[in-house]
Each structure stands twice: as C-alpha cells, then as structure tokens.
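The figures that follow rest on heavy atoms only: side chains count, while hydrogens, waters and symmetry mates do not. In listed order, ligands and their atoms are each counted from 1.
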Amino acid sequence: MTVLGKFVASTTLRQLVKDGVINKQGVRLLDCSFVPGVKPDWKRFKEQLYGKFEQLSGFKSIGRALYLAEHIPESVHADLEQAMYPGKFERFSHYPPEIFQEYARRLGIRDGEHLIFYGRGAYGGMLWPARFAWLFKSYGHEKVSVLDGGLNDWVQRGYEITTEVPKMEIGNWTARDNLKETLITFEELESVDGKYEPKPEVNVDPSDPEHEQKEKELKWSNEMKEWEAKTKGKMLIDQTSKINFLDTRPRAQFEGLQDSGLSPMCCEAVHIPGFTNTPVGEIVRDDGTIKDPEQIKNYLNESGFSADKTTITQCMTGIQASLMAYGIEYALPNVKPRVYNGSLKEMEQRDPKRISGGNRHIP
Ligand SMILES: O=S(=O)([O-])[S-]
C-alpha cells in the first residue's frame with residue numbers, strides 16, 4: 001500500500017476508497033466536522049458527563065448533522081466535544097489515556113491502524129482534523145494523516161459522497177501517555193528551573209465583601225514580594241529569546257485590530273509580549289491545500305523561527321496551534337513542537353497580566 005504522509009491528497013484517498021481499503025485493510029477514515037459552541041459548564045460536566053460516551057453521543061451536534069448530511073464513503077464521525085472535555089481553565093481538556101481509549105474504541109479503531117482525518121470549514125477544513133491528529137499523537141498514535149484541502153477539495157473534484165453510515169464494531173485500540181511530549185501545561189510554562197511556584201492567592205470567595213480588601217493586602221504582602229523575587233522574569237515563558245513561542249492566530253487579532261475574543265475586563269491588551277505571530281492561515285494556500293514544506297520553512301524562518309530551539313505553539317484554545325504544530329512537523333520532521341493547549345483562554349483566567357502586548361482592545 002502507498003505510504004501515507006502527514007497530508008494525503010484527495011486523489012490518493014479516492015483510490016483507497018475505490019480499492020476497498022478503508023475499514024478493511026488497516027486504514028480508517030474519520031470525519032471531524034465540528035462547530036464550536038459556548039463552553040459547557042465545566043463543573044456540571046465533570047459531575048454528570050465526564051467520560052460518559054453513551055450519554056454524550058446522544059446529544060445534538062451540528063458537526064454530526066453535517067456529517068450525516070454528506071460525507072466521504074466509509075467515514076465515521078469523530079466529535080471533539082466527546083473526545084475532549086471542558087476543563088476548569090481549558091476549553092478542551094485531555095482525558096487520561098484509559099478514558100480517551102474508550103472513546104477511540106467506540107469509533108471502531110484498532111491497534112496499528114492508519115487514521116485519516118478530514119473536515120470542512122476554515123483553512124481547507126484542516127483545523128479540526130489536525131486537532132484530532134495531534135490528539136492521537138498525544139496518546140502515542142503516530143500513524144495519522146489529514147486530508148489535504150478537506151471535504152471541499154474532495155467535492156470540487158466531483159468525487160462521491162454519501163449519507164450511508166458504516167456499521168463499526170468496538171475496536172481494541174490502546175492509548176499511551178505521550179501527553180508531555182506533545183503538549184505543554186500552564187504550570188510548566190510558569191515554572192522556574194522546572195519547579196512551579198503557584199502565585200499566592202486570597203482564600204476568600206470573590207463574592208465575599210472582604211475579598212477586595214484581602215486582595216489589596218496580599219498585593220503588598222511580604223509573601224507576594226518573595227514570590228515575585230523568585231519568579232519575575234525567570235519562568236520558562238519569560239525565556240522568549242531561547243524558545244520559539246509562536247502565537248498562531250490571525251495578525252489582526254494578535255495586534256488587536258480585530259476582536260480577539262479576550263476579555264478587556266481581565267487583559268490589558270491582546271498578546272503575550274515575546275511571542276511571535278505566525279498565523280496558521282499562512283501555511284495554507286488560497287485553495288485550502290497545505291503549502292509545500294519548503295514554503296512553510298521559509299515562512300517560519302522569515303518570522304524569526306529557529307529550528308534549533310524548543311518550539312511552543314498557542315492560539316485561543318489550542319486548535320490553530322495544533323494545525324501549526326502539525327504543519328511544522330510536516331515541514332521540519334526533526335522539530336518536535338509542543339502545543340499550549342490551554343492557550344490564551346487559560347492564560348486570561350490564570351495570569352491575565354501577562355497578556356499585555358499589542359494594542360488595547362478595540363471598542
Ligand atoms: O483555534 S483557536 O483555539 O484559537 S479558537
């Protein structure tokens with residue numbers, strides 16, 4: 001069988017579909033159509049729905065409706081709202097491997113299979129598929145591909161679509177814990193020499209009338225001064241000359257010329273100083289296909305990226321950052337980027353002062 005690369009052309013996939021390879025000869029095809037909604041209440045989710053895939057699969061999902069309306073033959077629908085869960089700070093949090101494995105098995109996935117992800121929407125429909133590809137890599141599964149140009153490219157070529165849903169048996173896929181290699185956490189970003197020192201906090205509920213007074217006291221306390229002396233400018237996230245910190249959002253959002261989605265109540269401005277803006281849209285051609293590795297390399301180099309440094313990608317909730325990380329691995333296989341999954345939405349809640357670069361918010 002053809003060796004499948006990180007991005008698979010529609011022509012290659014069509015041949016696999018025609019030859020009856022999908023679902024039969026170790027290759028699986030997953031439609032990742034997804035339309036993000038408001039973040040569900042994380043506490044209620046944790047209590048009632050965490051890991052309950054039977055229940056979760058019964059909820060209405062626009063992504064699933066899109067899949068049911070038309071999809072590539074032999075594909076099954078993979079839903080990000082089931083594969084991940086709303087965390088306290090993250091929009092999409094990672095389940096422990098043994099729970100994610102249950103979800104993957106429900107999709108019918110078996111050990112050793114090659115997974116091809118495709119989708120629709122922005123950036124050639126490759127955002128959600130790349131998020132899934134990165135997710136599987138985070139659980140130790142490297143045999144992943146993304147359909148180049150997504151469903152749109154497939155349909156443009158006049159290839160067949162269907163409404164038929166293949167019947168899948170429960171798979172036997174095994175997840176491994178590769179989360180530390182592919183992701184970076186807030187705690188690690190804010191650690192000093194590998195040790196995380198949490199910022200002192202007021203132990204009074206924000207709704208308590210005493211809260212404001214306690215906050216003022218803490219601000220000028222010796223405890224806070226000591227913490228600042230230990231951490232200021234010394235955290236991993238402060239090492240901006242030694243690490244490629246890439247903010248993959250569109251330029252207008254990075255600069256604050258367009259609504260960034262960040263709260264003006266918490267953040268002074270719109271990006272973290274020292275992060276380089278490398279919009280992920282610039283590694284995708286106008287027709288929605290991925291640019292050549294050489295073009296991606298040149299783009300990164302022109303942005304000040306250095307292949308010798310550690311690379312960390314971020315965006316708002318980890319989606320654009322995943323496509324960028326996946327694209328970097330495609331162009332530079334020796335670079336092993338890590339995605340800051342919580343991204344700016346987590347930073348906004350945990351260390352909003354850090355978001356102080358670029359313009360102030362647009363009115
Ligand atoms: O792609 S995103 O996580 O910034 S919404």
Practice item. Using the six-membered ring wherever Trp is involved, compare the ring planes of Phe245 and Phe275 and label them parallel, tilted or perpendicular (cut-offs 30° and 60°). Key: parallel
Exercise for review: Going by heavy-atom distance to atom 2 (S) of ligand 1, choose the closest among Gln253, Met324, Gln320, Arg131.
Suggested key: Gln320
Exercise for review: Run through Glu113, Gln101, His141 and flag the one making a side-chain hydrogen bond (donor to acceptor under 3.5 Å, both in side chains) with Trp173.
Suggested key: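 With Trp173 as partner, Glu113, Gln101, His141 yield a single side-chain hydrogen bond (donor to acceptor under 3.5 Å, both in side chains), made by His141.
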Review point. Quick one: nearest non-hydrogen protein atom to atom 3 (O) of ligand 1, plus distance?
Key: Thr317 OG1, 2.5 Å
Practice item. Indicate yes or no: does an N/O atom of Gly318 lie under 3.5 Å from an N/O atom of ligand 1? Key: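 N/O-N/O distance below 3.5 Å exists for this pair.
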Review point. For Glu190, which of Arg350, Lys199, Arg354 qualifies under salt bridge (Lys or Arg N to Asp or Glu O under 4.0 Å)?
Key: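 The option that passes is Arg354.
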Practice item. Output, in order, the C-alpha distance, side-chain angles, deciding distance and verdict of salt bridge (charged side-chain N to carboxylate O under 4.0 Å, His left out) for Arg285 and Asp292. Key: CA-CA 9 Å; Arg285 295 191 190 95; Asp292 295 332; 2.9 Å; yes
